[in-house]
Amino acid sequence: MASMSYLAIGNSSFPAIVSVPDKSRGVNDGFSFRTGNVTRKCNARGLTVTNVATPVTVPLPAAAPSREKEKSSSSRNHVAWTSVMQERWEGELIVEGDIPLWLCGTYLRNGPGLWRIGDYDFRHLFDGYATLVKLHFENGRLIAGHRQVESEAYKAAKKNKKLCYREFSEVPKPDNFLSYVGELASLFSGASLTDNANTGVVKLGDGRVVCLTETQKGSIVIDPDTLDTLGRFEYTDTLGGLIHSAHPIVTDKEFLTLLPDLVHPGYLVARMEPGSNERKVIGRVNCRHGPAPGWVHSFPVTEHYVVVPEMPLRYCAQNLLKAEPTPLYKFEWHPDSKAFVHIMCKASGKVVASVEVPLFVTFHFINAYEEVDEDGRVTAIIADCCEHNADTTILEKLRLKNLRSFIGEDVLPDARVGRFTIPLNGNPYGKLEAAVDADEHGRGIDMCSINPNYLGLKYRFAYACGAQRPCNFPNTLIKIDLVEKKAKNWYEEGAVPSEPFFVPRPGATEEDDGVVISMISQKSGGGYALLLDGSSFEEIARAKFPYGLPYGLHGCWVPKK
């Protein structure tokens with residue numbers, strides 16, 4: 001067997017694998033290892049290729065993860081929807097192009113990366129066990145890696161070779177009637193709900209890094225350097241409840257979240273200070289209609305207000321009890337209950353507006369800000385989101401069998417940048433309209449980010465995933481100019497990009513002065529990290545992984561200390 005060299009990073013050593021070569025770009029076959037030599041050349045795209053060593057041909061080492069073997073139609077399965085079976089890998093990558101020297105820190109991305117336990121295949125994208133991926137940038141170099149988050153749900157499934165907790169669409173199969181009764185009892189207590197923190201990852205103001213999902217117990221602290229699971233984030237308050245918004249608002253100064261009340265339909269708005277595990281209630285919003293609160297996967301804030309959306313896609317306790325997925329999983333569509341947006345003052349907890357809006361479906365809000373008159377008085381709240389035209393079929397389209405069976409038909413439901421205008425003058429109705437022509441981004445949009453310095457403020461640019469038709473899933477990266485109402489698109493045939501994450505350049509004065517980071521899964525089975533210039537939206541660097549990455553969801557930036 002060929003010998004392997006190792007790099008020492010911090011207190012850990014790992015194989016110094018730096019690339020899976022691509023013959024189409026003129027790189028030799030085999031993996032490259034760091035020996036201290038550096039060479040540079042240009043590739044077909046005009047990017048400078050920094051080779052950290054002379055390429056040598058070696059077999060795939062044990063440290064590089066393999067992908068699961070699919071049962072049938074495996075040749076059609078895109079790597080984006082295929083599990084990575086090895087728990088961890090880490091190594092330095094060859095960089096094509098130039099990573100800005102100011103980019104110094106770690107981008108973390110969380111998402112489902114394992115959809116198979118034993119001989120059982122999960123059914124929905126949101127069911128997979130959490131896999132963290134990191135990209136550490138320093139001095140123009142890039143060290144990457146991945147590791148599975150060691151939740152109780154993941155560890156139990158691994159040990160027992162079967163599902164042991166309730167996931168998004170999956171329910172453990174009881175052995176007998178008595179175990180079924182016991183499982184129902186544990187559901188009401190929350191014991192059987194998953195802690196599979198596969199949705200997002202945030203850096204708290206005190207520096208702790210937490211992976212999150214929609215169950216409150218699925219808040220797990222990780223080490224951003226090693227990706228080790230450090231333990232559950234225990235909330236020390238007595239607010240109770242089983243679920244919360246998967247996307248809190250997190251800054252260096254505060255942590256804001258929504259807690260749906262399924263018994264007395266409404267939402268608690270809560271705040272947590274840096275260094276604390278105690279959430280304190282700012283105020284409560286009562287639902288206007290419907291049997292339960294609307295799903296609140298995310299919500300926006302402005303400088304002085306919290307925006308609480310009430311979708312007609314509402315939680316359904318009965319669906320939680322069912323052993324098989326319902327058409328809308330844990331939710332029900334109640335168009336007769338109408339849709340509303342509530343505005344709460346951060347300082348007082350008072351609801352200053354509660355207006356009816358057109359029906360809507362959204363997973364992700366982009367941003368919100370306050371409109372003021374010439375005297376400086378706030379007259380309205382503007383809130384933007386990735387809106388699916390009040391069409392709930394997007395949930396069904398995210399079933400793995402649908403994602404894995406794309407044969408060229410255009411089946412991705414339309415979406416738009418939905419802009420809410422919420423008046424603060426007592427008018428009972430708000431507006432919802434497209435902020436830009438949806439054809440600018442292929443009538444598809446989701447997985448959004450902005451310059452974090454503009455959170456809650458008037459802003460111009462948003463970054464997201466869009467569509468180049470025909471497709472069954474967002475397949476482009478887009479930069480949207482909300483003033484000019486135009487979009488720039490990045491597209492590569494067969495690629496599935498993850499959320500474009502904007503990192504501003506320190507000291508920048510322009511909103512789009514920074515870089516956009518995304519991870520790309522390729523139809524060929526490969527994958528790479530991609531950097532785009534935030535202003536021009538042109539590629540400035542990419543670095544190929546020695547394995548194909550499954551699709552991931554949301555990320556955060558951890559600056560170097």
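Using a 4.0 Å cut-off between a side-chain N of Lys or Arg and a carboxylate O of Asp or Glu, Glu96 and Lys544 do not qualify as a salt bridge. Glu332 has no carboxylate O lying under 4.0 Å from a charged side-chain N of Arg314, or vice versa, which leaves the two without a salt bridge. A salt bridge does not link Glu87 with Arg147: none of the charged nitrogens is closer than 4.0 Å to a carboxylate oxygen. Classification of Arg416 and Glu387 as a salt-bridged pair holds, one side-chain N sitting under 4.0 Å from a carboxylate O. Salt-bridge check for Glu492 with Arg542: passed, with a basic side-chain N closer than 4.0 Å to an acidic carboxylate O. With respect to the salt-bridge test (charged N to carboxylate O, under 4.0 angstrom), the residues Lys203 and Asp252 qualify. Salt-bridge check for Glu499 with Arg109: failed, with every basic side-chain N at 4.0 Å or more from each acidic carboxylate O. Taking a cutoff of 4.0 Å between a charged side-chain nitrogen and a carboxylate oxygen, Asp121 and Arg116 qualify as a salt bridge.
Atoms NE2 and CZ, on His297 and Phe126 in that order, are 6.5 Å from each other to the nearest 0.5 Å. Here the CD1 atom belonging to Ile117 is positioned 11.0 Å from the CD atom belonging to Glu170, to the nearest 0.5 angstrom. The line from CZ of Phe406 to NZ of Lys523 is 8.0 Å long, rounded to the nearest 0.5 Å.
The nearest pair of heavy atoms linking Gly128 to Asn198 is O-ND2, 2.8 Å. In terms of heavy atoms, Phe502 sits closest to Pro452 at O-CD, 4.1 Å.
Under the 6.0 Å cut-off for aromatic ring centres, Tyr547 and His146 qualify, their centroids lying closer than that. Taking the six-membered ring wherever Trp is involved, the centroid distance between the rings of Tyr129 and Phe122 falls below 6.0 Å.
Remark: of the listed residues Asp446, Thr362, Asp414, Asp446 is the sole one forming a side chain to side chain donor-acceptor pair (under 3.5 Å) with His388. Considering Asp384, Asn453, Asn451 in turn, Asp384 is the only one that fulfils the side chain to side chain donor-acceptor pair (under 3.5 Å) rule with Tyr459.
Using modelled atom types and a 3.5 Å distance limit, the side chains of His244 and Gln216 yield no donor-acceptor pair. Judged by distance alone, the side chains of Thr476 and Gln468 never bring a donor and an acceptor atom under 3.5 Å apart.
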Apply side-chain hydrogen bond (donor to acceptor under 3.5 Å, both in side chains) to Ser298 and His364, showing your working. CA-CA 6 Å; Ser298 69; His364 301 116; 5.9 Å; no

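Relative to the ring axis of Tyr235, Arg279 places its NZ or CZ within 45° and under 6.0 Å from the centre.
Note: Trp81 and Tyr551 have tilted aromatic rings, judged against thresholds of 30 and 60 degrees for the angle between ring planes.
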